[in-house]
Amino acid sequence: MSVREASDRSPDWDAATYDRVADPQTRWGAAVLDRLPLRGDETVIDAGCGSGRVTQHLLERLPDGHVVALDASPSMLDAARLRLQGNDRVRFVNANLLAFSPADVGAPVDAVFSTATFHWVLDHDRLFHNIAAALRGGGRLVAQCGARRNIDQLTNVVRGLGVERPGSWLYASVDDTVDRLGHAGYVDVDVWTNEEPTPFDTADQLRDFLEAVCLRECLVTMSRDDQRAFLDEVVERMPSRIIDYVRLNIVATRA
Ligand SMILES: C[S@@+](CC[C@H](N)C(=O)[O-])C[C@H]1O[C@@H](n2cnc3c(N)ncnc32)[C@H](O)[C@@H]1O
């Protein structure tokens with residue numbers, strides 16, 4: 001696993017592995033995309049585009065439009081470039097959602113779309129302000145990320161093994177999110193959660209997924225042998241091969 005730093009807090013992603021295992025995120029992302037009304041000629045930011053699997057669906061909805069594929073992780077952006085190569089309607093931007101400027105993304109844009117990303121961004125007030133600054137008046141924000149109680153069961157198993165998941169995620173509540181969006185200047189705000197229990201066919205698939213996504217931050221300080229033993233133990237102790245995801249859904253309009 002690469003431990004190159006994507007930000008001060010978080011190790012970089014293993015983009016090739018993420019791309020291989022991210023079927024759940026791709027499935028959720030496609031469903032979230034259905035909530036974004038598009039004519040097909042708009043410019044939309046994919047905020048935290050990862051390896052570009054959901055970005056590809058977004059591009060299909062924009063036959064005459066453009067996508068700004070933004071991510072803080074150089075390896076994720078490389079994977080997205082590879083996946084979407086030859087498509088001149090995508091612009092790749094290596095930037096932190098807490099630090100980008102409207103000029104970085106060619107603002108104002110028509111919409112910002114984001115899936116499986118905002119919980120990795122610890123300051124949601126600043127996040128929503130930054131996004132509002134990039135949106136045109138009346139532009140939409142449509143997003144989904146981890147909600148309060150997300151993967152509680154998994155976190156308890158990990159804690160039972162004496163390992164704390166480091167505090168580099170924010171699983172926000174509906175009420176806090178509605179307040180933050182209001183303060184950041186959004187109207188027609190709709191925020192809700194849904195449970196998304198996610199089953200895996202085999203223990204190997206579950207282990208791969210935990211390694212690449214949920215537990216990647218716990219693993220970086222362990223030796224390869226300790227990582228294997230830890231992952232085996234987590235899989236063994238989980239009550240089933242189901243990860244107890246809870247998603248926070250956001251639809252809002254910039255005033
Ligand atoms: C789980 S991946 C989701 C990728 C894609 N949206 C999907 O649904 O498959 C989370 C992505 O968010 C990016 N990310 C996390 N924090 C970020 C930040 N502060 N600024 C920009 N990107 C960030 C990570 O680099 C990673 O590519």
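Order of appearance sets the numbers: ligands from 1, and atoms from 1 within every ligand.
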**Q** Is V121 touching ligand 1 with its side chain, its backbone, both, or neither, if touching means heavy atoms under 4.0 Å apart?
**A**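 Just the side chain.
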
**Q** Would you mind running through ligand 1 and noting each atom that sits below 4.0 Å from a heavy atom of A116?
**A** 1 (C), 2 (S), 3 (C), 8 (O), 10 (C)

**Q** For atom 24 (C) of ligand 1, state which one of W13, Y18, W120 supplies the nearest heavy atom.
**A**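 Ranked by closest heavy atom to atom 24 (C) of ligand 1, first place is W13.
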
**Q** Do any heavy atoms of N96 fall under 4.0 Å from ligand 1?
**A** yes

**Q** I'd like to check which ligand 1 atoms, numbered from 1 as shown, lie under 4.0 Å from a non-hydrogen atom of S73.
**A** 25 (O)

**Q** If you take the nearest heavy atom of each of D71, V213, L97, which one is closest to atom 26 (C) of ligand 1?
**A**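 When every heavy atom of D71, V213, L97 is considered, D71 comes closest to atom 26 (C) of ligand 1.
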
**Q** Heavy-atom distances under 4.0 Å decide this one: backbone, side chain, both or neither, for A95 against ligand 1?
**A**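 Answer for A95: backbone.
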
**Q** Where does A72 meet ligand 1, judged by heavy-atom distances below 4.0 Å: at the side chain, the backbone, both, or neither?
**A** both

**Q** Would you kindly specify which portion of C49 sits under 4.0 Å from ligand 1, judged on non-hydrogen atoms: side chain, backbone, both or neither?
**A**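 C49 to ligand 1: backbone contact only, side chain stays beyond 4.0 Å.
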
**Q** For R20, is there an ion pair with D208 - N to carboxylate O distance below 4.0 angstrom?
**A**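 So D208 pairs with R20 through a salt bridge.
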
**Q** Where does the angle between the aromatic ring planes of H119 and Y171 fall among parallel (under 30°), tilted (30 to 60°) and perpendicular (over 60°)?
**A**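 H119 vs Y171 ring planes: tilted.
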
**Q** Would you call the rings of F209 and F200 parallel, tilted or perpendicular, taking 30° and 60° as the class edges?
**A** tilted

**Q** May I have all residue pairs that pass salt bridge (Lys or Arg N to Asp or Glu O under 4.0 Å) and include part of residues 131-156, sequence neighbours excluded?
**A** D110-R136, R148-D176, R149-E195

**Q** Pull out every atom of ligand 1 sitting under 4.0 Å from any heavy atom of M76, numbered as shown with elements.
**A** 27 (O)

**Q** Taking N or O atoms only and a 3.5 Å limit, does L70 qualify as a polar contact for ligand 1?
**A**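 Between L70 and ligand 1, no N or O pair is found under 3.5 Å apart.
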
**Q** Does NZ or CZ of R254 fall inside the cone over Y186's six-membered ring, less than 6.0 Å from its centre and within 45° of the axis?
**A**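 No, cation not above the ring by the 6.0 Å, 45° rule.
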
**Q** Tell me whether R216 is salt-bridged to E211, with the criterion being a basic N under 4.0 Å from an acidic carboxylate O.
**A**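 Between E211 and R216 there is no salt bridge, as every charged N stays at least 4.0 Å from the carboxylate O atoms.
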
**Q** For residues 27-38, pull every pair meeting salt bridge (Lys or Arg N to Asp or Glu O under 4.0 Å), keeping only residues two or more places apart or in separate chains.
**A** none

**Q** Is there a nitrogen or oxygen of Q25 sitting under 3.5 Å from a nitrogen or oxygen of ligand 1?
**A**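 There is no such contact.
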
**Q** Looking at T115, T117, N249, which hits side-chain hydrogen bond (donor to acceptor under 3.5 Å, both in side chains) with Q144?
**A**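 It is N249; the other options fail the test.
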
**Q** Pull out every atom of ligand 1 sitting under 4.0 Å from any heavy atom of G50, numbered as shown with elements.
**A** 4 (C), 27 (O)

**Q** Is the distance between the ring centroids of F118 and W120 under 6.0 Å?
**A** no

